[in-house]
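Just so you know, these numbers use all the heavy atoms, side chains as well, and skip hydrogens, waters and symmetry mates. This is a predicted model, so every value here is computed, not measured.
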Amino acid sequence: MPAPPCASCGKARAALRRPRSGQALCGACFCAAFEAEVLRTVLAGRLLPPGAVVAVGASGGKDSTVLAHVLRALAPRLGLALHLVAVDEGIGGYRDAALAAVRRQAARWELPLTVVAYADLFGGWTMDAVARSTAGSGRSRSCCTFCGVLRRRALEEGARRVGATHIVTGHNADDMAETVLMNFLRGDAARLARGGGLGSRGEGGALPRCRPLQLASQKEVVLYAHSRRLDYFSEECVYAPEAFRGHARDLLKRLEAARPSVVLDLVHSAERLALAPAARPPRPGACSRCGALASRALCQACALLDGLNRGRPRLAIGKGR
């Protein structure tokens, strides 16, 4: 049976059906619609003002690659200056290949690239070293906890080095729904309270962050990358199979099979969540060691590094929830 005509232009043959709407579109019309939706997200949320210097968190994966490609196309209209910032976590046999993809992207798109490394920022600690330290405590699955905290700090440092005024990351709707699920399952009220919206305004001296792809499904991100023939790194991190996020991802897939709207329902539920006054987290202050935003005396990054340096890697995991 021949493919139907594109529902948008009516001329070309449809190459795909949008997963949520079922609309049959040709590749060109789908890409135009996807880019227009990202533009609406940025404008409606007032995420990136004209003149902003934007640090794009570049991992080499599909999400950050699609994000950089779309923002590069929209930058003249939005009045943005883009700078790729990649983080080298120090994962042997994995990160080198991903960074090679980022360098190819930077060269192809003629965008400046800065790479910051855990080893340089965190007293010689790499993720491989963290994994060896936590494995001795029977908690190798905590690697992603360390990496998430340290990666956020590293990206902030890289953005400041390039003079950025804003940080953008490639988190899509599925990523955000998984995070909401994990926080519910952990009973983590503080993180649930911070999980709504399209980013953070940059309180306490931190740079404003946003997620322009937050309303885009993972399936459509992949379809866009395929339609634009983007070069990206697709292997899973060697430490990811141990992560708790994998359980949330499996649960989300089962829920989505029963209720296709569940991903965006979860994302919007976090936006609308209101906590009782007694359950609200305290206003953040400054870390006594590094000055970064913190809800306790030490920020999470310094607390985790303190535990590693003292040979007690579990010291700060789970505290404050």
Side-chain angles (χ1 to χ4, degrees), residues 53-61 64 68 83-103 106 111-135 140 142-171 200 202-209 233 237-240 243 284-317 319-320:
V53 179
V54 181
V56 182
S59 68
S64 66
H83 197 123
L84 301 182
V85 176
V87 177
D88 181 0
E89 302 93 340
I91 304 174
Y94 168 78
R95 182 47 67 195
D96 289 344
L99 288 175
V102 175
R103 291 188 175 97
L111 291 175
L113 168 65
T114 296
V115 179
V116 291
Y118 280 11
D120 297 331
L121 296 176
F122 306 127
W125 284 103
T126 65
M127 271 315 300
D128 285 341
V130 170
R132 288 192 294 270
S133 177
T134 57
S140 60
S142 65
C143 284
C144 291
T145 299
F146 283 91
C147 196
V149 173
L150 299 182
R151 182 179 178 80
R152 183 180 180 88
R153 173 62 59 80
L155 184 56
E156 178 91 13
E157 176 60 27
R160 292 189 184 281
R161 288 183 183 182
V162 303
T165 59
H166 292 72
I167 297 172
V168 296
T169 60
H171 295 87
S200 59
E203 59 182 346
L207 292 175
R209 290 177 177 242
F233 181 72
C237 175
V238 295
Y239 299 117
C287 174
S288 61
R289 182 172 298 171
C290 71
L293 196 67
S295 56
R296 301 182 296 280
L298 289 181
C299 68
Q300 188 72 353
C302 286
L304 289 173
L305 290 168
D306 192 40
L308 288 169
N309 289 327
R310 293 166 61 181
R312 299 175 64 190
R314 295 178 58 184
L315 195 61
I317 294 178
K319 285 191 175 182

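- Note on R152 versus E156: no salt bridge recorded, every NZ/NE/NH1/NH2 to OD/OE distance being 4.0 Å or above.
- M127 has its side chain out of reach of C237: every pair of non-hydrogen atoms, C-beta onward, lies at least 4.5 Å apart.
- Residues D128 and R132 are in side-chain contact: their nearest non-hydrogen atoms beyond the backbone lie under 4.5 Å apart.
- Under the 3.5 Å distance criterion, the side-chain polar atoms of T165 are matched with a main-chain donor or acceptor of V53.
- Residues L155 and T169 are in side-chain contact: their nearest non-hydrogen atoms beyond the backbone lie under 4.5 Å apart.
- In this structure the side chain of L308 reaches within 4.5 angstrom of the side chain of F146, judged on heavy atoms.
- Considering only residues two or more places apart in sequence or on other chains, D120 meets the side-chain hydrogen bond (donor to acceptor under 3.5 Å, both in side chains) condition with none of them.
- Among residues two or more places apart in sequence or in another chain, the salt bridge (charged side-chain N to carboxylate O under 4.0 Å, His left out) test is passed with R151 by E89.
- Using a 4.5 Å heavy-atom cutoff, the side chains of D88 and L99 are in contact.
- Looking only at distances, no side-chain donor or acceptor of Y94 sits under 3.5 Å from a matching main-chain atom of Y239.
- In this structure, S288 and L298 have side chains that are in contact, with non-hydrogen atoms separated by less than 4.5 Å.
- Salt-bridge formation is detected for the pair R161/E157: a Lys NZ or Arg NE/NH1/NH2 atom is positioned less than 4.0 Å from an Asp or Glu carboxylate oxygen.
- Put simply, the side chain of L305 reaches to within 4.5 Å of the side chain of L150, judged on heavy atoms.
- Formation of a donor-acceptor pair under 3.5 Å by the S64 side chain with backbone atoms of S59 is found in this model.
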